[in-house]
Number of protein chains: 2
Amino acid sequence: MDAVYTAPGYLFRRMQQIAVAIFVEECKAYDLTPVQYASLVSIRTHPGIDATRLSAVIAFDRSTLGSVIERLEAKAYIERKPSPGDKRTKLLYLTRSGAALLRDIIPSVERAQARILQPLKPADRKTLMALLTQLVDLNNEASRVPLRAEDALEHLGKSG
Amino acid sequence: MDAVYTAPGYLFRRMQQIAVAIFVEECKAYDLTPVQYASLVSIRTHPGIDATRLSAVIAFDRSTLGSVIERLEAKAYIERKPSPGDKRTKLLYLTRSGAALLRDIIPSVERAQARILQPLKPADRKTLMALLTQLVDLNNEASRVPLRAEDALEHLGKSG
DNA sequence: TCTCGATTGACAGCATACTTACAATATGGA
DNA sequence: TCCATATTGTAAGTATGCTGTCAATCGAGA
């Protein structure tokens, strides 16, 4: 591993940084980070989810997510309500303002996601995304916080 | 962008986290992070480089790199010497101990890099790496700290 | 019912990443 | 030579991302 440039780990780090830079640039009018955006989307999909389950649903670290939620609450995009059944957990809900933000920001997010892959030919974009999706899925257990979307939903009301 | 799971940005973030987790696991005997490793490798390749040029050579943020260098110096893997020509810059060199560490850690790093791609079929690994390399290169200017390997070397002694 | 083990949110501590700012120093042009 | 401008390292402030730990709470089994 003489030069670092050909190592997959190095390239994934670079791509992550590029993806974040593009996201932030496209969404700068909204002052929302990629992590905050993903959290909002998942809270909208699963209203009343708690922080631990949210961390499993988006595969983000539980400790980190705590401060992300704090910031989202400070910006009044979500609110935390005590759980009736379990005094330990706090349930997460989008506020009206959070729902509105999500509606407004989506075009910018889509533009960002498109820009990330834009330099490749359309066929190559498809190929890369297919392989990337596969690789993330197959390596799920290797990450510190594996994705547990299904399991997490088991414990919710799970109407849908 | 209803579900976050299909967004390239989300997938690159996940892969980066997976790659770091695998690196750390394989290299835990050495207590070295991926960023610290990349810095050491580049300092070995370019002895006497300064921090600003190093940041361009590996495309890491200049501010962040400051503390990375501090930690590497604290561990005695590198040393900083004042530049004879320029009182502002400090030149970076591997110590004997840093060079030894690099020699020892390389098998673990190679194992980590192989493990990252292992779940894919060999042909798919090649395809993914080719597309990823292309995409990083074509998006170079989009990142906050574009790679400037060539330019950076211009200003050095540049024996090789 | 009581107790032990697990879960939850919170916190401390470390390591990237990025922004802005600043003092010391260099450099090029008037 | 002098001065406006740029560069370098550093620092402060914010945001992930991870490791621990802890108290409060929960749940299951004796």
Side-chain angles (χ1 to χ4, degrees), chain A residues 9-10 13-14 16-25 28 31-39 49-56 58-75 80-92 143-146 151-152 155, chain B residues 9-10 13-14 16-25 28 31-39 49-56 58-75 80-92 143-146 151-152 155:
Chain A
Y10 176 79
R13 176 180 299 271
R14 291 271 289 134
Q16 209 270 323
Q17 290 176 352
I18 287 165
V20 170
I22 291 175
F23 182 104
V24 168
E25 191 180 320
K28 62 173 173 292
D31 187 34
L32 204 70
T33 67
V35 168
Q36 291 168 9
Y37 171 77
S39 303
I49 197 172
D50 63 276
T52 295
R53 243 151 298 283
L54 179 60
S55 105
I58 50 184
F60 288 171
D61 179 72
R62 207 163 61 97
S63 295
T64 307
L65 202 52
S67 48
V68 174
I69 287 172
E70 225 172 74
R71 283 184 280 276
L72 286 175
E73 198 182 17
K75 296 193 218 180
R80 274 189 283 197
K81 297 179 182 173
S83 166
D86 190 330
K87 283 179 197 166
R88 294 170 304 175
T89 68
K90 299 177 184 176
L91 308 186
L92 304 173
S143 74
R144 289 349 244 118
V145 185
D151 301 17
H155 304 283
Chain B
Y10 176 80
R13 175 181 301 271
R14 291 270 289 133
Q16 209 271 321
Q17 290 177 352
I18 287 165
V20 170
I22 291 176
F23 183 103
V24 168
E25 191 181 319
K28 63 172 173 293
D31 186 36
L32 204 70
T33 67
V35 168
Q36 290 167 11
Y37 171 77
S39 302
I49 197 172
D50 63 275
T52 294
R53 243 150 297 283
L54 179 60
S55 103
I58 51 184
F60 288 171
D61 179 72
R62 206 164 60 99
S63 295
T64 307
L65 201 53
S67 49
V68 174
I69 286 172
E70 226 173 73
R71 283 184 280 276
L72 286 175
E73 198 182 18
K75 296 194 217 178
R80 273 189 284 197
K81 296 180 182 173
S83 167
D86 190 330
K87 283 179 195 166
R88 294 169 305 176
T89 69
K90 299 177 183 176
L91 308 185
L92 303 171
S143 74
R144 291 347 244 122
V145 186
D151 300 17
H155 303 282

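Proteins come first, then strands; the chains are lettered A, B, ... in the order of their sequence lines, and each starts at number 1.
- Dashed line: the shortest gap from a side-chain N or O of Thr52(A) to OP1 or OP2 of dG9(C) is under 4.0 Å.
- Atom CG of Leu54(B) is separated from atom P of dT16(C) by 13 Å (rounded to the nearest Å).
- For the pair Lys81(A) NZ and dG9(C) P, the interatomic distance rounds to 17 Å; values are reported in whole Å.
- With the nearest nucleotide of DNA chain D identified for both Lys75(A) and Ser143(A), Lys75(A) has the one nearer the 5' end.
- For Arg71(B), a side-chain nitrogen or oxygen approaches OP1 or OP2 of dT16(C) to under 4.0 Å.
- When heavy atoms are screened at a 4.0 angstrom cut-off, Asp61(B) is found touching base atoms of the nucleic acid.
- With dC18(C), dC11(C), dG9(D) as the candidates, the nucleotide lying closest to the side chain of Lys90(B) is dG9(D).
- Nearest to the side chain of Thr89(B), among dG9(D), dT16(D), dT19(C), sits dG9(D).
- For Val145(A), whose side chain is taken as the heavy atoms from C-beta onward, the closest listed nucleotide among dA15(D), dT8(D), dC18(D) is dC18(D).
- The base of dA15(D) does not come close enough to the side chain of Thr64(A) for any donor and acceptor atom to sit less than 3.5 Å apart.
- Put simply, the side chain of Gln36(A) reaches to within 4.5 Å of the side chain of Val68(A), judged on heavy atoms.
- One interatomic measurement links the two molecules: CZ of Arg62(B) to P of dT16(C), which rounds to 18 Å at whole-angstrom precision.
- Using a 4.0 Å heavy-atom cutoff across all strands shown, Val68(B) reaches sugar-phosphate atoms only and no base atom.
- The CZ atom of Arg88(B) sits 10 Å away from the P atom of dT25(C) (whole-angstrom rounding).
- Side-chain nitrogen and oxygen atoms of Thr33(B) include at least one within less than 4.0 Å of the OP1 or OP2 phosphate oxygen of dT16(C).
- Mapped onto DNA chain C by nearest heavy atom, Gln16(A) and Gly66(A) fall at different nucleotides, with Gly66(A) at the one closer to the 5' end.
- Within the 4.0 Å cut-off from OP1 or OP2 of dT8(C), at least one side-chain nitrogen or oxygen of Arg53(A) is found.
- Asp31(B) has its CG atom 17 Å from the P atom of dC18(D), to the nearest Å.
- No side-chain heavy atom of Arg144(A) sits under 4.5 Å from any side-chain heavy atom of Asp61(A).
- The CZ atom of Phe60(A) sits 12 Å away from the C1' atom of dA15(D) (whole-angstrom rounding).
- Counting heavy atoms from C-beta on, the side chains of Lys87(A) and Pro82(A) never come closer than 4.5 Å.
- dA15(D) atom P lies 10 Å from atom CG of Leu72(A), rounded to whole Å.
- Among Ile49(A), Asp50(A), Thr52(A), the single residue meeting the side-chain contact (heavy atoms from CB on, under 4.5 Å) criterion with Thr89(A) is Asp50(A).
- Sequence order on DNA chain C of the closest nucleotides to Leu91(A) and Lys87(B) puts Leu91(A) first from the 5' end.
- Distances shown here put a side-chain N or O of Arg80(A) below 4.0 Å from the OP1 or OP2 atom of dA10(C).
- Side-chain atoms of Ser63(A) come within donor-acceptor range of the base of dG20(D), with a qualifying N/O pair under 3.5 Å.
- dA11(D) atom C1' lies 15 Å from atom CD1 of Ile69(B), rounded to whole Å.
- At least one donor-acceptor pair under 3.5 Å links the side chain of Tyr10(B) to the backbone N or O of Ile58(A).
- Here Arg144(A) reaches the OP1 or OP2 of dT19(D): one of its side-chain N or O atoms lies under 4.0 Å away.
- Counting only heavy atoms from C-beta outward, the side chains of Asp31(A) and Lys75(A) approach each other to under 4.5 Å.
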